Amino acid sequence: MKNKQHFHKVNLKINGMHCASCEVLIERKFKKVVGVEKVSVSHTNGQAELYCSINPDLNQLNASIKDHGYTVSQSSKKGTFLAQNKEYKNTAKDYFQIGVVFLIVVAGYLVFKQLGLVPSLGISDNMSYGFVFLIGVVAATSTCLAVTGGLLLSVAAKYNEQNLHLDGWGKFKPTLYFNIGRVVSYTILGGLVGALGSVLTLSPRVNGIVTIIASAVMIILGLQLLKIFPWAYRFQPKMPKFLGHKVHDISDSNSKAAPFLLGAGTFFLPCGFTQALQLYVLSKGDPMTGTLTMLAFSLGTLPALLSLSALSSFIKGAFQQHFLRFAGVVVVLLGIFNVNNGLTLTGINFAFAAGPKTGSVLAATDPNVKIVGGKQIVNMKVTGLNYSPHTFTVVKGVPVEWRIDGTQAEGCAQVITVPSLGITEYLSQQTEKVITFTPQSTGQIPFSCTMGMTTRGSAFTVVENTQGIQPAKTSGAVSGANTTTGCNSEIMNCVEAQKISLEVSRERGVYPQLLTVKKNVPVELTVNSQVPLGGCMSVWVIPKYNVTIPMKVGTTTANFTPTETGTLDIACSMGSRMAQIQVTE
Amino acid sequence: MKTKTTLVIKGTHCQACKALIEEVAKENPCVSSCEVDFATGKTVIKHKDCLDWEALTKEIESLGEYKVELGQSI
């Protein structure tokens, strides 16, 4: 100890370290080099402190650890940028390079976007498998590259960094298993989705949470690759211990199962195309179609993902360092991008969420939206529980005339609800339903049936009015045409209305079960609900007169005028009878 | 007489662990070869009868957070 002062201190920068074992290994190797008396290595800042009796030969030091994949560079002699006590090893030059890479990536994305090269392909009914394959190709170079590619890249890059000694093939292997796992899982799960239905698809909220977790992992891995934040790097020695143990085994091990499983898991990673196809398969309800569709799709994603794998595996030397840097920037950006999408899915909507969302088309190019007389005409058909199409891009400030053909709607799909607009409408079995509204701000306007069982991800995407569409004059922001055939107290005089009331409580259930009214006299039905009702019970309907009653706790009033004698059903939105109204002369 | 012993070392997670343990084991004059699979922790050591297992185990475990679990001689 007291001899330490007499020794000459040499600081070295070591590349390739990632864990405590690296430290011990290097310390042991260095101690064998002539002149080195004491060594202290830290993998968190990539430095080695050597106390030497005579100046050690740098080449000899380098040679001693080269076989294990580490390289030495002398840092402190002229190393003005690298302060002795700094925790990380990035120099100003490194930061400059990271900045340049960052700008290139962002600029590249913007150029692609501007040129319309960020592609969009619609999912339509009865697609051929060749077309599905094509969708796969497009997906793998656009939205799915963001999620799956990002994950693949971060795993591959991490693996590369930890296994610098491996040759290209050795590095390529795990990514190959990743891709095989992906194809196999898509094929099998595709069949299962076809057979079992919605069991296997996650709800948007869960999907959103999965996205956020996956993105967080990507951002951390990306930051580690860039070595920007020491704290991000710190995650690594800690994570493997408990939570990350399996994950790290994945990137560390040569085992085939781990990357295979990771690849298989990408089925559940939310990527627009994957989800759209899952829904497509779901709507087909046929295992064979499901299997083949998802197989074709995953095969389509292979070319892009495999070239990404190959690129990350077969590069060497200085270029590899640059590649890791590039990968780091891309992974972090994709992570941020995905967090954003994840937040959208969980229902938290930021203004910028709608803008850069790849795959969403501009209003002018959305074939499902027609501009007629200053209105955006949107046609949608409801078949069973499916909306077709289920996504629309509309511009802000221009009235939307939403024509819904609900004649084939089943169960809860007979009622459509747009929570953010406060619209809940019963879809008539006989006529087309028209709902008009004017989007006031950009973002997503999701809609579904009251039980959320209809096509997932159904929404209007509201974008800025960049085409200069002149809006038609409308009276109100939100109005439901064809809603009530009865008395509307805002327009008509409803003094003569027959007032009847229903009560829903824990004690008495629905009371009374039977109400009586006279024909051709407006009815004002007041429902007093004392219990919170969910699912199909959250909206009650009188199908014959297209009346919807949102069942909030408290009182709700509905108006209609019975035109025929007989018995009227008051039902939940799925059609179960709750009470009856007797109409007499 | 040479013996081949298979044991499991818990806590190995990377190439560096492998290199480190193999290195330490081979420094022992009674060990002629050592192969560590860091993914599974499975370690095969060829050694002479003079090997002091307790000392080697201690030495390996002192390198880091490793735990040596002896298997049986084959």
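Per chain, numbering begins at 1; letters A, B, ... match sequence-line order. Everything numeric in this text was worked out from a predicted model, so none of it was measured.
Counting heavy-atom neighbours within 6.0 Å of B/Lys46 NZ, excluding the residue itself, gives a total of 12 or less.
In terms of heavy atoms, A/Val24 sits closest to B/Leu63 at CG2-O, 3.5 Å. The two residues B/Ala16 and A/Leu25 have their closest heavy-atom pair at O-CD2, 4.0 Å.
Comment: B/Glu23 does not engage A/Lys31 in a salt bridge, judged by the lack of any side-chain N to carboxylate O separation of less than 4.0 angstrom.
Of the two parts of B/Glu27, only the side chain, counted from C-beta on, holds a non-hydrogen atom closer than 4.5 Å to a non-hydrogen atom of chain A.
Comparing B/Thr40, B/Leu20, B/Val24 by heavy-atom pairs within less than 4.5 Å of chain A, the highest count is held by B/Leu20.
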